[in-house]
> 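After the structure tokens below, expect a handful of questions from me.
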Amino acid sequence: MSIYDSLNNMQQEATFHTDGPLLILAGAGSGKTRVLTHRIVYLIEEVGVNPYNILAITFTNKAAGEMRERVDQLVGFGSEAIWVSTFHSMCVRILRRYIDRLGYETNFTIYDSDDSKTLMKDVCKRLNIDTKMLREKFILGEISRAKDELWSPEKMRERSAGDFQGAQIARCYREYQEELKRNNALDFDDLIVKTIELFQKEPEVLNYYQERFQYIMVDEYQDTNTAQFELISLLAKKYQNLCVVGDDDQSIYKFRGANIKNILNFEQVFPNTRTIKLEQNYRSTKRILQAANSVIANNVGRKDKALWTENDEGDKVRFLQFDSAYDEADYIAHNIKEEVMDQGNYTYSDIACLYRTNAQSRLLEERLMFLSVPYKIVGGVNFYQRKEIKDLLAYLKTVDSGNDEIAVRRILNVPRRGIGATSISKISDYAAQQRITFFEALSFAGDAGAPRAQGKIDGFIEMIHDFRKEQEFLSLHELATDILEKTGYLAALRDEKTDEARDRIANIEELINKIVDYENNVDEEEPTLSGFLEEVALISDLDRLNEEDDYVTLMTVHAAKGLEFPQVYLSGMEDGLFPSYMSITSGDESDVEEERRLCYVAITRAMESLTVSCAKSRMVNGEWRNSNISRFVLEIDPEVVDASGRGMALHRRQVLEEDPLSSSAKAAFSRKPGNYTKQASFEHREKPADFLASMGVQKGMSSVNNLEEGLSYQVGDRVKHIKFGQGLVTEIKKMPKDYQVTVEFDQVGVRKLFAAFAKLKKI
DNA sequence: GTGCCTGCTCACGGG
DNA sequence: GAGCAGGCAC
């Protein structure tokens with residue numbers, strides 16, 4: 001009896017085929033992750049491959065985390081030597097080591113799309129391009145496409161001969177790359193492109209990694225683009241031990257340059273490829289699989305295949321149409337609570353709510369929170385795009401290295417120091433002229449033509465230098481806290497005394513918590529500022545720590561790829577939302593086909609129970625929009641659909657009776673989005689006086705003594721937190737400048753908080 | 001240089 | 001609905 005006995009014939013064949021190129025065409029739920037992980041074990045234990053020589057690439061951080069876990073469980077000793085990572089994090093790791101050979105410093109920063117946009121704005125200004133006519137976003141999109149295809153600015157210029165707009169974009173591209181380099185920064189696409197450049201320019205570096213990664217596996221292969229394919233080809237060229245796993249029906253990243261030819265032409269590029277098809281589904285009931293199959297069958301451009309299962313028939317797919325998106329969200333939240341609390345059929349973590357766009361999470365969040373149903377939103381870059389978070393990160397980046405102009409400029413006058421836009425742009429031009437960094441140029445504000453600002457700027461420079469010195473004896477979260485205090489950033493927010501400012505403070509607190517999490521969980525080396533910044537640059541979801549907690553998962557269908565849940569709610573199934581308006585009106589039927597594949601992915605996430613819902617009317621961009629039932633819903637084989645549900649009207653009455661906030665709840669729905677601060681809004685509503693009092697108490701706290709007096713609670717007390725709700729204080733630990741309070745919250749479990757930030761209030 | 005108001009634009013997905 | 005650029009008054 002071996003661990004491989006549990007695999008079916010095809011799975012075994014894939015597992016045991018270790019030498020030479022291997023293409024696994026794996027349908028949804030056909031156990032491809034099992035094959036990949038077992039294959040890794042087989043390589044190590046039977047073939048005798050050193051774990052150090054294995055590379056496994058996944059598409060999302062979540063997938064990488066899950067694969068890592070499964071591999072660790074199966075392999076045991078030595079598994080940590082295996083590289084399991086996303087394309088992007090693999091490239092970061094390589095570039096941190098060798099990018100100096102391309103003339104960058106190894107402590108480069110990574111620009112997110114907002115940073116890129118800011119930079120492009122500058123570039124356009126410099127090139128006299130009217131961004132009303134030619135939008136930055138459009139230019140960046142074109143540049144990104146060029147990078148996906150590995151076109152240099154030069155190549156782009158050649159290709160756009162005779163095309164005025166194309167030529168302009170090519171100019172922007174060149175200028176943009178120069179600016180990035182001057183800032184010692186890379187954007188997301190550059191991570192891939194520069195790694196390829198490195199490999200092409202430095203054969204011995206390539207050789208090193210070819211020797212290192214003798215066995216390479218790529219998951220979600222259908223979503224790789226040309227650049228990623230080139231990268232893998234380079235790495236696998238020497239040993240040819242490349243195993244890719246993909247499913248053309250689940251290709252959902254065409255918008256990002258995914259090139260389906262990478263699958264279709266694999267056998268040509270890698271001769272002697274062995275191709276194995278996995279067609280038995282182990283995940284879903286027959287009816288769910290039938291629903292998925294009947295939808296995807298409507299795609300014309302696809303390889304015909306037959307996914308089948310030996311699983312039970314299962315329940316029919318439930319379909320419900322509601323009057324409004326409020327009703328829909330409300331129903332889902334109630335239904336989840338009922339399933340878990342009353343019927344005990346499922347735990348919260350068995351359940352996922354999927355939707356097409358991130359914006360749809362707001363209503364669900366609101367209702368789940370109201371019913372105290374624990375939930376977590378996966379993905380959604382919201383948190384790290386918030387102004388206050390970006391500000392604090394910009395401070396940390398500047399302290400870490402002044403090279404990143406975008407970061408320095410972001411905070412030079414935040415909070416206000418009387419350094420205006422005119423001075424900033426003069427210094428920026430001067431820096432470009434002198435070929436020095438913006439931060440260096442700050443010392444020459446006079447020469448740059450802004451002599452009057454020099455005094456204020458010197459104060460800023462000195463402050464940054466002070467923080468750099470402090471770094472030596474402060475931990476990261478202490479440094480962050482110190483920055484917030486000394487710059488007056490927090491004080492400015494506290495003085496505002498608006499709901500919005502309080503939300504921002506809560507978000508900052510969340511970031512501090514994340515820093516502490518990082519400090520506690522970084523295993524390889526010492527926690528460093530650069531290390532933390534690197535992590536947040538690539539990971540949008542640091543919250544992987546509470547994995548054992550029981551919560552409902554909310555995410556977009558894109559984010560759900562590769563995952564499975566016993567019970568799935570698929571909401572917002574309306575024409576114009578899913579499939580998106582853009583795909584319907586583009587005139588290109590293949591756009592709708594990509595949406596249909598996305599729908600196929602959504603349906604195949606469900607193992608036992610699938611509820612599909614839509615709303616007749618929904619608030620979109622400030623106005624009510626009426627929609628029809630999604631064409632995809634109508635494509636589901638009627639045999640497997642139960643559309644008799646009419647619980648919504650009944651249910652609504654019930655809600656009005658038991659929900660004292662329901663009138664104001666509607667108003668609350670229209671509050672600004674804030675995945676991380678919603679509870680705060682409700683808390684304000686309930687006890688504004690308490691909340692204000694706790695804000696006031698915090699204001700004067702700067703020294704430990706003050707603070708000690710200011711702590712209105714002790715171990716054993718029940719306290720209330722604006723975000724996490726109520727809980728029990730289990731420990732108070734004295735820290736150099738603050739107290740660390742451990743609280744067991746009723747809803748979110750144990751959290752360690754800092755007294756100066758956590759506005760804990762005794763109840 | 002700052003703060004406030006207005007009008008415009010964008011509303012799909014990921015690292 | 002919300003963020004942002006541009007215009008304007010101070």
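A, B, ... follow the sequence lines: proteins, then strands. Residue 1 opens every chain.
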> Taking the side chain of Ser423(A) as heavy atoms from C-beta outward, which of dG1(B), dG13(B), dG15(B) is closest to it?
dG1(B)

> Using the closest heavy atom to pick a nucleotide of DNA chain B for each, name whichever of Thr86(A) or Thr422(A) lands nearer the 5' end.
Thr422(A)

> Atom CE of Met120(A) to atom P of dC4(C): distance rounded to whole Å?
18 Å

> Let me have the donor-acceptor pairs involving side chains of residues 556-563 of chain A, under 3.5 Å, with sequence neighbours excluded, atom names and distances please.
residue: Thr556(A); atom: OG1; partner: Ala559(A); partner atom: N; Å: 3.1
residue: His558(A); atom: NE2; partner: Ile252(A); partner atom: O; Å: 3.3
residue: Lys561(A); atom: NZ; partner: Asp223(A); partner atom: OD2; Å: 2.1

> Identify the heavy atoms of Phe578(A) and Glu595(A) that sit nearest to each other, and give their distance.
CE2-O, 3.4 Å

> Measure the distance from CD on Gln228(A) to P on dG14(B) and round it to the nearest whole Å.
15 Å

> Without decimals, in angstroms, what is the distance between Asp114(A) CG and dG15(B) P?
15 Å

> Nearest to the side chain of Glu594(A) - dT9(B), dG13(B), dG15(B)?
dG13(B)

> Give one of base, sugar-phosphate or nothing for Phe578(A), where a contact means two heavy atoms less than 4.0 Å apart.
nothing

> Name all residues meeting the salt bridge (Lys or Arg N to Asp or Glu O under 4.0 Å) criterion together with Lys261(A); count only those two or more places apart in sequence or in a different chain, and write none if there are none.
none

> Taking NZ from Lys561(A) and P from dG13(B), how many angstroms apart are they, rounded to a whole number?
16 Å

> In whole angstroms, how far is the C1' atom of dG15(B) from the CG atom of Asn225(A)?
11 Å

> Please name all residues satisfying ring-ring contact (aromatic ring centres under 6.0 Å, His included) with Tyr569(A), sequence neighbours left out, ordered by chain then number.
none

> Between dC10(B), dG15(B), dG14(B), which nucleotide gets closest to the side-chain atoms of Tyr253(A)?
dG14(B)

> Would you mind writing out the side-chain donor-acceptor pairs for residues 421-430 of chain A within the sub-3.5 Å range, not counting sequence neighbours?
residue: Lys426(A); atom: NZ; partner: Gly449(A); partner atom: O; Å: 3.3
residue: Ser428(A); atom: OG; partner: Glu405(A); partner atom: OE2; Å: 2.8
residue: Ser428(A); atom: OG; partner: Arg409(A); partner atom: NH1; Å: 3.2

> List every contact pair, protein side and nucleotides 5-10 of chain C side both N or O, where the distance is under 3.5 Å.
residue: dA5(C); atom: OP1; partner: Lys121(A); partner atom: NZ; Å: 2.5

> To the nearest Å, give me how far apart CD (Glu136(A)) and C1' (dC8(B)) are.
14 Å

> Check this for me: does the side-chain of Asp223(A) come within 3.5 Å of the base of dG14(B) through a donor and an acceptor?
no

> Could you please name the option among dC10(B), dT2(B), dG14(B) that lies closest to any side-chain atom of Asn413(A)?
dT2(B)

> Taking ring-ring contact (aromatic ring centres under 6.0 Å, His included) as the test, write out the residues that go with Phe213(A), two or more places apart.
Trp83(A), Tyr209(A)

> Determine yes or no for a side-chain-to-main-chain donor-acceptor pair under 3.5 angstrom, with Gln454(A) supplying the side chain and Pro451(A) the backbone.
no

> Closest-nucleotide mapping onto DNA chain B: is Lys456(A) or Phe87(A) further toward the 5' terminus? I mean the 5' end.
Lys456(A)

> Could you work out, with salt bridge (Lys or Arg N to Asp or Glu O under 4.0 Å) as the rule, every residue matching Arg618(A), not counting sequence neighbours?
Glu328(A), Glu574(A)

> Measure from CG on Asp189(A) to C1' on dG15(B) and round the result to the nearest Å.
9 Å

> Looking at the side chain of Arg135(A), which of dT9(B), dG15(B), dG13(B) is the nearest nucleotide?
dT9(B)

> Can you list the residues that meet the ring-ring contact (aromatic ring centres under 6.0 Å, His included) rule with Tyr221(A), with sequence neighbours excluded?
Phe266(A)

> In whole angstrom, what separates Asn358(A)'s CG from dG15(B)'s P?
10 Å

> Taking Asp115(A)'s backbone N and O only, do any of them form a donor-acceptor pair with Asp112(A)'s side chain (distance below 3.5 Å, no angle check)?
yes

> At less than 4.0 Å, is any side-chain N or O atom of Thr556(A) found next to OP1 or OP2 of dG14(B)? Yes or no.
yes

> Restricting to nitrogen or oxygen on both sides, can you table the protein-nucleotides 3-6 of chain B pairs closer than 3.5 Å?
residue: dG3(B); atom: OP2; partner: Arg416(A); partner atom: NE; Å: 2.1
residue: dG3(B); atom: OP2; partner: Arg416(A); partner atom: NH2; Å: 3.1

